[in-house]
Amino acid sequence: MIVLKFIGYGFTAIIIGLLFMGIGRKYTARIQRRYGPPFWQAFIDVTKLFSKQSLSHNWIMDFGILMGFAGIVGTILFMPIGPWHFFSLMNGNIVIIMYFMTIGSLGMAMGVSASGNPNSTIGISRALTLMVGYEIPFVIAVIGLIFVSKSSLLGTMVSLQSGGIMNWNIIKYPFGFIAVEMALQAMLGEKPFDVITAPSEIASGPMVELSGKMMGLAFLQHAAQIFLETGIVVNLFLGGANNIWEFFLKQFVLFILSLTVNAISPRFKFEDAVKWLWTWPTVFALIQLLIIILT
Amino acid sequence: MIQTSTKDLHDSGFEKVLNFFRKRSMWMLHYCTGCGAMELPPTMTTRWDMERFGIGPMATPRQADLLLITGYLSIKSLKRVIRTYEQMQDPKWVIGFGSCTINGGIYYDSYTVINRLSDYIPVDLTIEGCMPRPEAIMTGFQTLMDAIQKGEAVGYKKYKENYEWYKKNQDSVLGRTEPVFTSSEVKK
Amino acid sequence: MISNILLYTMIAAVISFALGQKLKAVRWSFSALFLGYVGFQLYGLYGQWGMVETHNIFSLGSINFSLNFGITKLGWFFAFFTTIINIMIWIFSIVKNMNEKEERGINFLWILLAGSNLAIFFSVDWITFFIAWEIMTWTSFFIITPGWKNSFKAANWYFILSMFGAYAMLVGIWWLYATPAIHTLNIASSIALLAKLSITAPGTVGIIIALFVLSFFAKSAVFPFHPWPAEAHAEAPDDFSPYLSGIMIKYGLYGILLFIVPLFIQIMKVNPNIAMVNGIPVYSYILAWFGAITAVLGTYLAIVSNDMKKLAAYSTVSNIGYAVTSMFILSSAGVTGGLFHVVNHAVFKSAIFLSLGAVKFRTHEREMHKLGGLATKMPITFLTFLLGIIAAAGIPPLNGYASKWIIYQALLSGHFPFLTTMIFLASTGAFLYLFRALHSIFLGQLPRKFNNVKEVPFLMQIPMILGILSMLGIGYAPGIVLKPIGLAVKAMGLTPMTVENTLMVGKLSSINTAVVSSTFIGAFFFAFAFYLIGKKRHHVEPLDNYTAGQDPEEFGLTPELYHFALKFYEPVKNIFRPIEEKLNIKNYYRALVRNANSFGATLSEMFKLSGAGSSMIFVLGLVVIILAGWML
Amino acid sequence: MNQKEIIELIDNKFGIVKSNIYDEYQLSVVVKKENIFAALALMQLNDFKELSILTAVDWFDRNVFEVVYILFSYTHNQQLILKTEIERDNPEIVSVMKLWEVAETYERDVHEFFGIKFLGNPSLKPFFLHNWLDMPPMRKDFKTQQYSDKVFGKTKEEREK
């Protein structure tokens, strides 16, 4: 039974994530006054990737990429998706989620750097430094919320926000939401912060040596990551949801917001990206924390 | 104009089903050698928008399925094209832009520019024109997609089948050891 | 019972020294077996709490000096887990020392060190504690410098700091004994008396605490003293650095847990009028901040270091920072978290150092950019290192996560927002340098000169495999280690956390580590199912890589050139460069050394001047002594 | 220093074979082979700081190579084209690397495509052409059409095998 539920969770995350990517590409195309690919383009891409021949340099590359994808799918189980939650006891412990996500990035980093291509390693060193960059504002904002809701479980945070829009965290703690929204932009790797897979500078960064099946797994991991990160922010600030579709809708709104910024903004130089993340979002998060402590 | 293979290398039944997905999402590696590179941005952006068919630019040969050779190829760049082609993964196609890849174009008599690209790597589709306009490129893509759907675009299998022939041609150009003109011809 | 264990260690040390030069393997395996016997004896002592053995040595007037050992819950716990790790390390060093020249001395000193290690944990009164502390300091000093020239300069730094700490502790002990209100050498009673004294004379109590904290911080490389482990570990012999950073650096933490933390708890109970912040005394909060600064500083210094052993040493410093911060929160979760992190850190750090030692054993190379691609050549070492860094980064399935989770519970439930941010910054930063080490040593391109590197002999692999198993075991069921910790925490007067074998219940939320690890394994199979779709991938050797069309031979591309490892985190260095220039602890120490030299030079100059100069110094000295005597 | 003065300056020093003024900013002077180096050094002292290009022309019918140095002066705003002729069978000329370092690359290029040896230039190695074993290609008597057909394949029939 658990296994079925597990597979159900995994597939919802992947399908919704791919759906978001497809609609996102169409949305960006429409911003650029182009017709854009069909919304199920992401599914076609994934099937094509899995049908292609693939290569790997050593067993660590396969193991790493599998671990990356497993890390992200595993984290989704800890996050309450609307009314569904997989674990009753540890329903959405924010500390577990943040640390389980690092398995995803560690796995991908290990797999990709085993390929021995300097482009991918430069991409990984940038990804890790950026991770430190966006973790700070995110953590300060989350700490504020934990103090307020007296527990680090997303489930309790969601129940605290139930009942009408007025007591959503986005209304009660606007600064925290702004900080987390900026951090989300960097988490998803969208345009101002896509220093990790900068196609022109380091030839699509970590994904340089991934082909066919490997690239397919990396694609699915990115889709699941979109689902996960937007889901966390929905639970934290937009008060979760009492039915599934409302949850997906809220996630979609957040994703579209970050895509709008992505469609129109150039790319940061790498040091500036980290410095920017340590100034503006952190300032907002600290203001939020002071407000919570003082009141 | 499609360079179909002589022997029967068409794709089998199940392969045909996959071909639908391969056709609808071709990732192109854009090896811009000659003047054809200028034609690609218009096809990508608002007016012609090739992304409608799922065709998008990719940075590395490992992820790409479509190799665009957009112009003349000198011997040195031919060596790089061959290495990039061999680094690409299996169902892969090559499109030769413009007359330079068909018969050497205006460089037909140059001592470094090759005359026929299809002697060295299998070309699935060549688009005529001394730099074809975006409309021609779009129809080119359409014909390639139909060929893939029908299972005829099998350049990569042809390359594997008679690899020695291609290798011989490549070595005749890249790995020459004795001079081309014998001393007698030089005198007159 | 304990005293004859210590006696046997002395005898064993002498026997091992007596064994000839040729019997290297016999010597080290004898010491490993002996320590196994000691471990077994210790296991036997589990139940007998409070059993004290006193041995009077001599009496001088009213004071009679006696060595007395007793088993406390905290002491037993530390002794037992350090002995187990020591056995693991010695199995590793059996093979490692095969081709070492002067390893006879190291073994002798090391057994003495192990003996003093046990003596520290079992000493009940200050005198025995100080004697054991001294033996530990000088034996470890001589082991770090077995005759190599540059290691002397590094260990010199370590020796001066330990001496400074030891003198501070000696003054503290003397001061304790001298004040009429306390006048006892027994540690436990000194805590209670000091707590009562803090109401009437907070000044003296403050100074005594400061002295002891100084010596413990110097030993455990906390903030002002954090640079010494980098040099000492890097220069120490490869099989001693796991001991050095796994166990030796924990003595300061043991001292804090033995004396400082229970003292603060008593003061909180007994003394109403002390300044409180968030429910803990102010100075405990400040010391917690020292720990947080160490954590962040250790992480930054590790990110920018290029020598693999220095990197691991700085990561030890940063992990010590976590433990110190969580201990000084003085809540039950804090102390348990700190203690548990000490154990976890000892386990995964010794695993990391063992794998580094194995790499150095095969490649004789310490600079990270000269290595690379060793994973396929040395799989077991790679797996140990990989699991070591996963545990060190605190990633769930392994043991590092359990203690980090408790530390976060303590920090968050105790309402310390900025401390939590610093710790979180340090632990995300930890992930940076840990991955860098993994990549530069094991992944990436294999240099040609290491083409025929083989895996280390099986005897060296046993401790690594043991390390992996213990990391996975503690990660899967932390209850095993948390139960004895609960006893030690109860002894300090705090209510221990409710813990079953795999379930940990904290104030904010509870976590079942077994479920966390099984979710990861389940997710791994889910991913593996996707991996099976499609054609089988084919193998490609490392240099057949995307080089933008250029073929490597003609391009003059060698694996060494193609391995990106030298300036791995240059952007991070650029970001912190302005700050780094201004406040750098090392220049501060160098300035101190320069001033001391100049002062000494002027003094000797005056002395050599003439009769008048020397008599003037003599008079000056007399005056100073009289003044000091009159003032105190 | 206008154009006439330049011509007189060179003429009374080295004797000009021929000179020609194209327009008010450009003039060309032909000098004998043995004093070309001295002329160039002289002009460099007179503010012709920049050697824009060094190339050669193959007069096949007159069986002579014409080596061309184009100098430019910012102060006089003049482009001086100094030419000299060397025999075609054993073409060699002294290198001007000492005056302008950039000349090393130009000379290497001219050496590869015309076969002119520049005495004193250490790096006369193959440069652009991929393992070229034939006659230098820019010479008029090199038949590119036949070469291209021979190497890259000529007619349709050949290809149909």
Please state whether the side chain, the backbone, both or neither of A:Leu210 comes within less than 4.5 Å of a heavy atom of chain B. backbone
Which bit of A:Glu209 comes within less than 4.5 Å of chain B, counting heavy atoms only: side chain, backbone, both or neither?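 For A:Glu209, the contact with chain B is made by backbone and side chain together.
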Can you say whether [X] sits under 4.5 Å from chain A via the side chain, the backbone, both, or neither, judging by heavy atoms?
X: B:Thr60; result: side chain
X: B:Trp48; result: neither
X: B:Asp65; result: both

Looking just at side-chain N and O atoms, do B:Arg22 and A:Ser51 make a donor-acceptor pair shorter than 3.5 Å?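 A donor-acceptor contact under 3.5 Å links the two side chains.
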Say you draw a straight line from CE of B:Met88 to CD of A:Gln53; how long is it, rounded to the nearest 0.5 Å? 13.5 Å
Where B:Phe21 and A:Thr47 come nearest, the two heavy atoms and their spacing: CD2-OG1, 3.7 Å
Run the salt bridge (charged side-chain N to carboxylate O under 4.0 Å, His left out) check on A:Asp45 and B:Arg24 step by step: do they pass? CA-CA 8 Å; A:Asp45 288 348; B:Arg24 289 291 303 168; over 6 Å; no
Could you tell me which of A:Arg33, A:Met207, A:Lys48 has the largest number of non-hydrogen atom pairs under 4.5 Å with chain B? A:Lys48
Quick check against the 3.5 Å criterion: does B:Asp49 have a side-chain atom that pairs as donor or acceptor with the backbone of A:Tyr35?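 Yes; at least one donor-acceptor contact below 3.5 Å.
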Measure from NZ or CZ of A:Lys52 to the centre of the six-membered ring of B:Trp27 and say whether it is under 6.0 Å with the direction within 45° of the ring axis. no
Can you tell me which of B:Arg47, B:Arg52, B:Gln63, B:Glu15 forms the most heavy-atom pairs within a distance under 4.5 Å of chain A?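 Highest number of heavy-atom pairs under 4.5 Å: B:Gln63.
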Does any part of the side chain of [Y], heavy atoms only, come nearer than 4.5 Å to the side chain of [X], both counted from C-beta?
X: B:Thr46; Y: A:Gln32; value: no
X: A:Arg34; Y: B:Met44; value: no
X: B:Ser25; Y: A:Gln41; value: yes

